[in-house]
Amino acid sequence: MKITKCVFPVAGLGTRFLPVTKELAKEMLPLVNRPIISYGVEEAVASGCNEIIMITGRAKRSIEDYFDRSFELEEMLKSRGKVALYEKMLKIANMAEILFVRQRQPLGLGHAVLCAEPMCKNEFFAVALPDDVFINPEDPVIAQLIRVHEKMGGSVIALEEVEPQNVSRYGIVKSQFEVEPGIHKIVDMVEKPLLEEAPSNLAIMGRYVLSPKIFELLHNQQAGTGGEIQLTDSLKTLCSQEPVWGVVFKGRRFDCGTQKGWLSANVQLALEDPELRAVILDVVNKELNQ
Ligand code: G1P
């Protein structure tokens, strides 16, 4: 069965970005010219997922509004002859079928994924954490995971090798062997371990293809690291019952979950835009020549 659904947990409070996220969803912060969330949705759609399920919370209405039609704006743009902009607005609203489900309590990533059970209970589905922005227009990362699922069956997780000092920021996996270069059979994993306790330096990045079996495990999952219901803990159980593959993805990742990561992603991507590059270089040069 083809994977057509992608779940986006977007209920997080964005405390790392306060006060800007007091009223604004962190997923709506701009990454050059579009909100962060748009990059993930574009990646999912380019990977064949045309049903998007957003697990939202309070103060997240701006995400719903962004992907909705805006008749007043559309009429205004049309009446002023701004056809290209009008079409751009329509394209955003027609990007995908998007459902919104409320996560009523902030109980963790595992609990957020569990909120998608009514929509995904009998099929494999993708999960994308929008803080991790992946840039690979030729081969979107979710599509890379889906290909491994189609070839090998089972669940699939995106992996990246991280520096020792960053191990404790991620879920870390234990690989039994590599079936082919960059594709690991996962036999264990631990959420945000101390460096001494980490089974490797292969970190889980925010893209998954999950078996519907995960819901049964999440129902019974006790709170783990940070007192939250962790997806990693249920995946640890899943890999003892069903195949779970780890894929060292091809492409670039920007961590937009911290202010520093978000700012450097903006600068990096602006430097790659022919017009904005000149703006950044101009500011930096002036600063250096002062
Ligand atoms: C989540 C997951 C973690 C994963 C990380 C990737 O953590 O729990 O396993 O490595 O995303 O970004 P968070 O960053 O939401 O605390």
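Read the numbers this way: they start at 1 and go in the same order the structure lists the ligands and their atoms. Keep in mind the model is a prediction, meaning the values are calculated, not measured.
The shortest contact between atom 8 (O) of ligand 1 and any protein heavy atom is with E191 OE2, 2.7 Å. For atom 10 (O) of ligand 1, the nearest non-hydrogen atom of the protein is I204 O, 2.6 Å.
Taking every non-hydrogen atom of L129 and a distance limit under 4.0 Å, the qualifying atoms of ligand 1 come out as 1 (C), 11 (O). Those atoms of ligand 1 with a heavy atom of D132 less than 4.0 angstrom away are 6 (C), 12 (O). Every atom of ligand 1 is numbered from 1 in the order shown, and the set under 4.0 Å from a heavy atom of Y170 is 6 (C), 10 (O).
Using a 4.0 Å heavy-atom cutoff, L231 is absent from the residues neighbouring ligand 1. Every heavy atom of R169 sits 4.0 Å or more from the atoms of ligand 1.
Checking side-chain atoms of D282 against main-chain N and O of A278 turns up no donor-acceptor pair under 3.5 Å. Between the side chain of H184 and the main chain of V247, no donor-acceptor pair closer than 3.5 Å is present. Checking side-chain atoms of T21 against main-chain N and O of G14 turns up a donor-acceptor pair under 3.5 Å.
A donor atom on one side chain and an acceptor atom on the other are not found under 3.5 Å apart for Q230 and T225. Under the 3.5 Å distance criterion, with hydrogens and angles disregarded, a donor-acceptor pair is assigned to the side chains of Q103 and H111. Side-chain N/O atoms of S47 and E43 include no donor and acceptor closer than 3.5 Å.
With respect to the salt-bridge test (charged N to carboxylate O, under 4.0 angstrom), the residues K5 and E123 qualify.
Ligand 1 has no nitrogen or oxygen under 3.5 angstrom from a nitrogen or oxygen of G206. Checking only distances, T232 does come within under 3.5 Å of ligand 1, N or O to N or O. Distances between N or O atoms of K192 and those of ligand 1 include at least one value under 3.5 Å. The N/O atoms of Y208, backbone and side chain alike, include none that comes under 3.5 Å of an N/O atom in ligand 1.
Aromatic pair F125/F215: centroids less than 6.0 angstrom apart.
Distance screen at 4.0 Å: atom 15 (O) of ligand 1 has no protein heavy-atom neighbour inside the cut-off.
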